[in-house]
2 protein chains.
Amino acid sequence: MGIEDGLWTRSRGAAYAEITRVAMELFLDQGFARTTIDQIAEAAGISRRSFFRYFGTKEDVVLGDLAVQGELVRDALEAIPLTVPPWEALQEALWKVDGLVGDDETMLKIATMMYETPSLRARSIEKHLAWQELLVPNIRRRLGGDPHAADGASAEVAADALVASAIACLDAAGAVWARNDGSPDLRTLYRRAVDSVRT
Amino acid sequence: MGIEDGLWTRSRGAAYAEITRVAMELFLDQGFARTTIDQIAEAAGISRRSFFRYFGTKEDVVLGDLAVQGELVRDALEAIPLTVPPWEALQEALWKVDGLVGDDETMLKIATMMYETPSLRARSIEKHLAWQELLVPNIRRRLGGDPHAADGASAEVAADALVASAIACLDAAGAVWARNDGSPDLRTLYRRAVDSVRT
DNA sequence: GTCTCGTTGACACTGAGTGACAGCAGGTCA
DNA sequence: TGACCTGCTGTCACTCAGTGTCAACGAGAC
């Protein structure tokens, strides 16, 4: 490692931020699908090839944070005592991370774009699937004493389904939130979503 | 319409079936990602361009049925009296369609391939999102008297989340089912999944 | 003043997906 | 029979995402 870590990290971070800024401007102006990577690269003053050294795909510019957020949710979840039941623990962990995410206005723009762009929506769900694998182990431990979950496959599916449902609730809440221009609070929507699922 | 409908439909159906057959053979042999559309077209004796006249994407060869199945689930759901509560109605509708799907062996091959191919997984989730829009109206009617669902946004998110969770349960059950080589029955897994979600 | 290492740009390539156009069946009508 | 229409097909050309390769370059290390 030739360069001091802090400096390097800072310039690398600056490049990420700059590319993201320029790209989001183009996305919001022309739409996501009609913006090509060549346009982003030109606007950011880098080569097309270099763009792919920062982001694996065009979608990652918009959704890159989701991967990091997944790890934050996991960490938050791990910090909650195992005595707290699964749904409540997941809600607490999700909200802890929700509090860290940027301002509502930017979030709303991203969310709106996401829910009206199929490829973005798909990629976001893929990222949420990755959350699943991060959160399931903890939830499985919380379900340990569940009488239903006797054999292996049942224990697996129980935790998998619970986490998947929680994420589905978050997704549904996000969709309604974006569709309604952010009018009801995301947490309120999530709570209502979970309530209806648990009958 | 120059040709008699039946004949045309039959030859068109035969073409679909033949392309699908040939493609699945290649997929299972080489893997989905490593099979190009040129290979499929050549093996099926058609041009690359004609392939796209039958299937919009490579993924559609594997997942094309999901679109049709979604409509079947909706029809089954509509046929169930509104007095049946949402979760029970969804389960009944899903199982009615599950009974129509082909043999377990083929299903298992498809499911296994799907759960280990990211682009297929993503596309399958996209198709399931389409189910959502088909099923939500009916579920919203079933939730009509729900005291929680007073205003518009809450009613929306309640039905959305419930349907999304049911589909998430189906997906989780399918994943475990495929991972375990189809050993526990899919319905059993789905039931366990729903049980754990509803605490 | 080299040497090395990580970043970058340039170039070429694969592969998915689309648009345009011409040709070729088949069936219709005069 | 011959002049049509209509729907399917192949060919060609194109855009765009994404990947591999390689040479150049800049900045610390020795």
Side-chain angles (χ1 to χ4, degrees), chain A residues 1-20 22-23 26-27 30-64 117-124 126-127, chain B residues 1-20 22-23 26-27 29-64 67 117-124 126-127:
Chain A
M1 192 167 312
I3 310 177
E4 186 218 338
D5 205 59
L7 177 63
W8 164 234
T9 302
R10 217 181 326 151
S11 71
R12 179 183 162 101
Y16 270 106
E18 175 63 7
I19 297 171
T20 303
V22 164
L26 287 167
F27 292 157
Q30 319 175 336
F32 182 84
R34 269 190 305 281
T35 301
T36 68
I37 289 173
D38 291 80
Q39 290 175 328
I40 300 171
E42 193 188 342
I46 58 172
S47 72
R48 218 176 69 90
R49 195 66 185 85
S50 278
F51 172 87
F52 283 109
R53 291 190 177 104
Y54 284 93
F55 299 95
T57 67
K58 197 168 69 168
E59 286 79 14
D60 282 350
V61 178
V62 182
L63 303 174
T117 307
S119 74
L120 265 179
R121 186 81 194 269
R123 196 66 76 147
S124 116
E126 260 187 286
K127 300 258 180 189
Chain B
M1 192 168 312
I3 311 178
E4 188 217 337
D5 204 60
L7 178 62
W8 164 235
T9 302
R10 219 183 323 154
S11 72
R12 178 183 163 101
Y16 269 106
E18 175 63 5
I19 297 170
T20 303
V22 163
L26 287 167
F27 291 158
D29 185 36
Q30 319 175 336
F32 181 84
R34 268 190 306 281
T35 301
T36 69
I37 288 172
D38 291 82
Q39 291 175 328
I40 300 171
E42 193 188 343
I46 58 172
S47 72
R48 218 176 72 90
R49 195 64 184 87
S50 277
F51 171 87
F52 284 108
R53 290 191 177 104
Y54 284 94
F55 299 95
T57 68
K58 196 167 69 167
E59 286 80 13
D60 282 350
V61 178
V62 182
L63 303 174
T117 308
S119 74
L120 265 179
R121 186 80 194 269
R123 195 66 77 147
S124 116
E126 261 187 284
K127 301 258 179 187

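The basis for the numbers below is simple: all heavy atoms, side chains too, and nothing from hydrogens, waters or symmetry mates. Throughout, protein chains are lettered first and strands after them, A, B, ... in sequence-line order, and every chain is numbered starting at 1. Remember, predicted model here, so these are calculated numbers, not experimental data.
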Engineer: Rounded to the nearest 0.5 Å, how far apart are CD of A:E42 and CG of A:L26?
Structural biologist: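 Atom-to-atom, A:E42:CD and A:L26:CG are 10.0 Å apart.
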Engineer: Tell me, do B:E59 and B:E126 make a side-chain contact under 4.5 Å, heavy atoms counted?
Structural biologist: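 No; the side chains remain at least 4.5 Å from each other.
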Engineer: Between D:dT9 and B:Y54, is there an OP1 or OP2 to side-chain N/O distance shorter than 4.0 Å?
Structural biologist: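 Looking at the OP1 and OP2 atoms of D:dT9, one of them is under 4.0 Å from a side-chain N or O of B:Y54.
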Engineer: Hey, is the side chain of A:R48 pairing donor to acceptor with the base of D:dG18 inside 3.5 Å?
Structural biologist: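 Such a pair is found, so the answer is yes.
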Engineer: Go through residues 32-40 of chain A and report each residue with a non-hydrogen atom lying under 4.0 Å from DNA chain C, sorted by number.
Structural biologist: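 Those residues: none at all.
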Engineer: Taking only heavy atoms on the protein side, list every residue of residues 56-64 of chain A lying under 4.0 Å from any atom of DNA chain D, sorted numerically.
Structural biologist: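 Under 4.0 Å from DNA chain D: A:T57, A:K58.
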Engineer: Work out which heavy atom in B:K58 is nearest to a heavy atom in B:F27; give both atom names and the distance.
Structural biologist: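 In terms of heavy atoms, the two residues are closest at CG-CZ, 4.0 Å.
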Engineer: Please verify the inter-ring angle class for B:F55 with B:Y16; under 30° counts as parallel, over 60° as perpendicular, anything in between as tilted.
Structural biologist: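 Aromatic pair B:F55/B:Y16 classed perpendicular.
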Engineer: What about A:R49, does its side chain sit under 3.5 Å from the base of D:dG18 through a donor-acceptor pair?
Structural biologist: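 Side chain to base: no pair present.
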Engineer: The side chain of B:R123 is closest to which nucleotide in this list: D:dT9, C:dA10, C:dG17?
Structural biologist: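 My answer, after comparing the listed nucleotides, is C:dG17.
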Engineer: Please tell me if the side chains of A:Y54 and A:T20 come closer than 4.5 Å, counting only heavy atoms from C-beta onward.
Structural biologist: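 The answer is no, as the side chains (C-beta and beyond) never meet within the 4.5 Å cut-off.
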Engineer: May I ask you to say whether B:R34 pairs ionically with B:D29, meaning some side-chain N is under 4.0 Å from a carboxylate O?
Structural biologist: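 No, B:R34 and B:D29 are not salt-bridged.
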Engineer: Taking only side-chain nitrogens and oxygens of B:S47, does any of them come within less than 4.0 Å of OP1 or OP2 of D:dT11?
Structural biologist: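 B:S47 to D:dT11 OP1/OP2: no side-chain N or O under 4.0 Å.
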Engineer: Mind checking whether B:P118 and B:R121 have side chains closer than 4.5 Å, heavy atoms only?
Structural biologist: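 A side-chain contact under 4.5 Å is absent here.
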Engineer: Could you tell me whether the side chain of B:T57 and the main chain of B:D60 form a donor-acceptor pair under 3.5 Å?
Structural biologist: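 Side chain of B:T57 to backbone of B:D60, a donor-acceptor pair under 3.5 Å: yes, one is there.
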Engineer: If you look at every heavy atom in A:I40 and A:T35, which pair is closest and at what distance?
Structural biologist: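 Residues A:I40 and A:T35, closest heavy atoms: CG1-CG2, 3.9 Å.
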Engineer: Taking for each residue the nucleotide of DNA chain D with the nearest heavy atom, is it B:G45 or A:F52 whose nucleotide lies nearer the 5' end?
Structural biologist: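 This one resolves to B:G45.
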Engineer: In whole Å, I'd like the distance from the CZ atom of A:F55 to the P atom of C:dT8.
Structural biologist: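 Rounded to the whole Å, the gap is 12 Å.
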Engineer: Could you tell me the separation between the CZ atom of B:R53 and the P atom of D:dT11, rounded to a whole number of Å?
Structural biologist: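 For the pair B:R53 CZ and D:dT11 P, the rounded distance is 11 Å.
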